[in-house]
Amino acid sequence: MQETRRTPRLSKSRFQLGLQCAKGLWLKCHRPELADPIDESQQAIFDQGTEVGRLAQRRFPGGVLIDEPYYETASALESTARALEAGAPALFEAAFEADGVLVRVDILNRVGSQKAYVDEAVGATTSSSGGTEAISLAGGEGERRRVAGTFDLVEVKSSTKRKEEHVTDLAIQRYVLEKCGVGVDRALLMHLNHHYIYQSGEHDPLQAFAFDDATEDVSLWLPEIPSRLAQMCEMLAGEMPEMTIGRHCSHPYVCSFHGFCHQGLPEYPVTELPRKGRDLLDQLIREGIWSIKDIPEHYEDLTKTQRRVRRVVVEGRPWFSETILEILGGLRYPLYFLDFETLHPALPVYAGTHPYLQIPFQFSLHVLERGESVASSGTEPDDDILDEEASAKISCSLGRLTHHEFLWEEPTDPRPALIPALLDALGTEGSIIVYTHFENTILRYLAEAYPQYAEQIEAVQGRLFDLEKEVIREHTMHPEYRGSTSIKHVLPALVPELSYDDLAIDNGDVATLRYVSAVFGEASEGERQKIFKDLKEYCGRDTLAMVRLLEAVYRSKIT
DNA sequence: CAAATGACGGGGCCCAGGTT
DNA sequence: AACCTGGGCCCCGTCATTTG
């Protein structure tokens, strides 16, 4: 009989992964090299989490940081034991191990430890029931009895609300702590406080966070833990488990083996059906249907859009609705094509803003004047035929196209300069074409923050026309959309000669990252100028893409 | 005639997917 | 991560028709 294989050590994050997908956990333990590389945007999210974590620690002055990195387990365990022994009032990143599971605890706060923890700022927190409640970190009057010698277990989250997966995150930690003989009084989530308004200088760790007591929900999960752990260990000792692809590949987290598990799919895989409900993918795969082409024509469980996708994929050619020119006939010249780039830091960087508030620092605006050859004013909605013909001509004789742009290059709040520049460039007449309601949301935030402009901004909002919703999503379909109506998918399908491939910045997330590094980072002047140039090219490409898309849609109906 | 059954539709909730 | 929106779905109330 072979010696029992050494059980791979689990960790908090591996436990969470195991709950999401057995195969994912198996791969993580046995074939970690197959994971997708971590991209820049993901890394930025991790970094942001670290920064929030550091601020959270300042909420517990006198706390002891166990600062061994994750791979120096033995040393971290020792340091933790020493700090506990020494009576540290709080521990950060404390390490514990039990049942082959290693956890590092964000914050472990000794109950009733010292005056410093008496809560002056009682966080108003959003509980799962939606109400707000006060949570005190010290034992005050009228509170339930606190068990001496125990700790509050605190998990810091950069989100502002509790999510399902946060509970199991705390549960596995509590399980390990108790196995190690550390009494846990409460299991708390420490979220960013959405209502925190940044003043200036250092962030205020008292105001910036809101606590959410998850003790009850955690205790409901606790009895589950041993059996789940046993299952995982058994699974890990065997061969790679069979798992089909499905919702668990991206819920609650996008799996790092997504790429590995999605290899070898057919050219138009069923995973690319848009807006799949919870069960559709499972159902199709169970029936052995992997390609959209193999879905029977009258398959019942497809939505209207999914049927459209099936049809264009099977027929191999795009579809444009019959009424598309009527929709476009509603546009008023001159046509403005608007796109914002924004910043939305977890921890605010401008005074008066709250966590995650989206702040525009750049816009691009293409303006299309009516073509000269077109006499029609386009204001006779009662004559469809004429209107359509007029519209068609417009597309052919693309009028004069001009471009405006704005980019704030200082580390100060861009909005006071951006708003007047935007209002000026937009004038008072003509449709403003945007891709999704995103720009509308930003305009609303601007109006809220700067009431002196509210009226003008609202007028602008009234002129918005959502190209993605009103035209692309409702009236077109193309096999190469690949199940997505995002502009990054739609442009190569309808305007193959125009792409983002030649740009140094080719998506919004990276644009934000680059901007932050240029304005707040240590970039040299040369690097800053390069980034500003790249940003202008990127944002300008987004609006140009909308111009060309509109043109392509017109063309589809007149040739 | 009163009660039961069924069709319709509004309200609320969740999900998916778009933007940064 | 937040936010927004539309579609799908379920629940439930209302009203009309059928049934005892």
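All values below come from the heavy atoms of this structure, side chains included, with hydrogens, waters and symmetry mates left out. It should be emphasised that the depicted structure is a prediction, and the values quoted were computed from it without experimental measurement. A note on names: the letters A, B, ... follow the listed sequences, proteins ahead of strands, and every chain is numbered from 1.
- Evaluation of the salt bridge (charged side-chain N to carboxylate O under 4.0 Å, His left out) test over residues 509-518 of chain A, restricted to residues two or more places apart or in two chains, returns A:Glu40-A:Arg514.
- Side-chain contact check for A:Asp212 versus A:Lys161: every heavy-atom pair is 4.5 Å or farther apart.
- Of all nucleotides in DNA chain B, those with any atom nearer than 4.0 Å to a heavy atom of chain A start and finish, going 5' to 3', at B:dC15 to B:dT20.
- For residues 495-522 of chain A, the ring-ring contact (aromatic ring centres under 6.0 Å, His included) pairs, not counting sequence neighbours, are A:Phe361-A:Tyr515.
- For residues 446-464 of chain A, the set of pairs meeting the salt bridge (charged side-chain N to carboxylate O under 4.0 Å, His left out) definition, not counting sequence neighbours, comprises A:Arg444-A:Glu448.
- Residues of residues 477-516 of chain A that place a heavy atom closer than 4.0 Å to DNA chain B, in numerical order, are A:Ser484, A:Thr485, A:Ser486, A:Ile487, A:Gly508, A:Asp509, A:Thr512.
- Nucleic acid contact class of A:Gln358 (heavy atoms, under 4.0 Å, all strands): base.
- At a threshold of 4.0 angstrom between heavy atoms, the contacts of A:Pro360 with the nucleic acid are absent.
- Within the structure, the salt bridge (charged side-chain N to carboxylate O under 4.0 Å, His left out) test picks out the following pairs touching residues 163-173 of chain A (sequence neighbours left out): A:Lys12-A:Asp169, A:Lys157-A:Asp169.
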Audit row: A:Leu153, A:Leu188, side-chain contact (heavy atoms from CB on, under 4.5 Å) steps and yes/no: CA-CA 6 Å; A:Leu153 159 62; A:Leu188 304 176; over 6 Å; no

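- For residues 343-356 of chain A, proximity to DNA chain C is found at A:His344, A:Tyr356, defined as any non-hydrogen atom under 4.0 angstrom from a strand atom.
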Can you give each donor-acceptor pair under 3.5 Å made by side-chain atoms of residues 334-343 of chain A, sequence neighbours left out, with the distance rounded to 0.1 Å?
| from | atom 1 | to | atom 2 | distance (Å) |
| --- | --- | --- | --- | --- |
| A:Tyr336 | OH | A:Leu426 | O | 3.3 |
| A:Thr342 | OG1 | A:Gln358 | OE1 | 2.6 |

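- Scanning DNA chain C 5' to 3' for nucleotides with an atom closer than 4.0 angstrom to a non-hydrogen atom of chain A gives a first and last hit of C:dA1 to C:dG8.
- For the pair A:Glu410 and A:Val519, the minimum side-chain heavy-atom distance is 4.5 Å or more.
- Closest non-hydrogen pair, A:Leu189 versus A:Ala214, comes out as CD1-CB, 4.3 Å.
- Residue pairs satisfying the ring-ring contact (aromatic ring centres under 6.0 Å, His included) criterion with at least one member in residues 453-482 of chain A, sequence neighbours excluded, are listed as follows: A:His478-A:Tyr481.
- With DNA chain C read from its 5' end, the first of the two nearest nucleotides for A:His166 and A:Asn440 is the one closest to A:His166.
- Listed by first and then second residue, the ring-ring contact (aromatic ring centres under 6.0 Å, His included) pairs involving residues 265-315 of chain A amount to none (not counting sequence neighbours).
- Of the charged side-chain nitrogens involved, at least one lies within less than 4.0 Å of a carboxylate oxygen, so that A:Glu537 and A:Lys533 count as a salt-bridged pair.
- Within the nucleic acid shown, A:Tyr538 comes within 4.0 Å of sugar-phosphate atoms alone, with no base atom in reach, counting heavy atoms only.
- Counting non-hydrogen atoms under 4.0 angstrom, A:Tyr445 reaches the backbone sugars and phosphates but no base.
- Counting only residues at least two apart or on different chains, the salt bridge (charged side-chain N to carboxylate O under 4.0 Å, His left out) pairs with a member in residues 255-274 of chain A are A:Glu272-A:Arg482.
- Two residues, A:Arg444 and A:Thr303, neighbour DNA chain C, and the one matched to the more 5' nucleotide by heavy-atom proximity is A:Arg444.
- Here A:Lys157 lies out of heavy-atom contact (under 4.0 Å) with every strand.
- Using a 4.0 Å heavy-atom distance criterion, A:Asp542 is classed as a sugar-phosphate-only contact.
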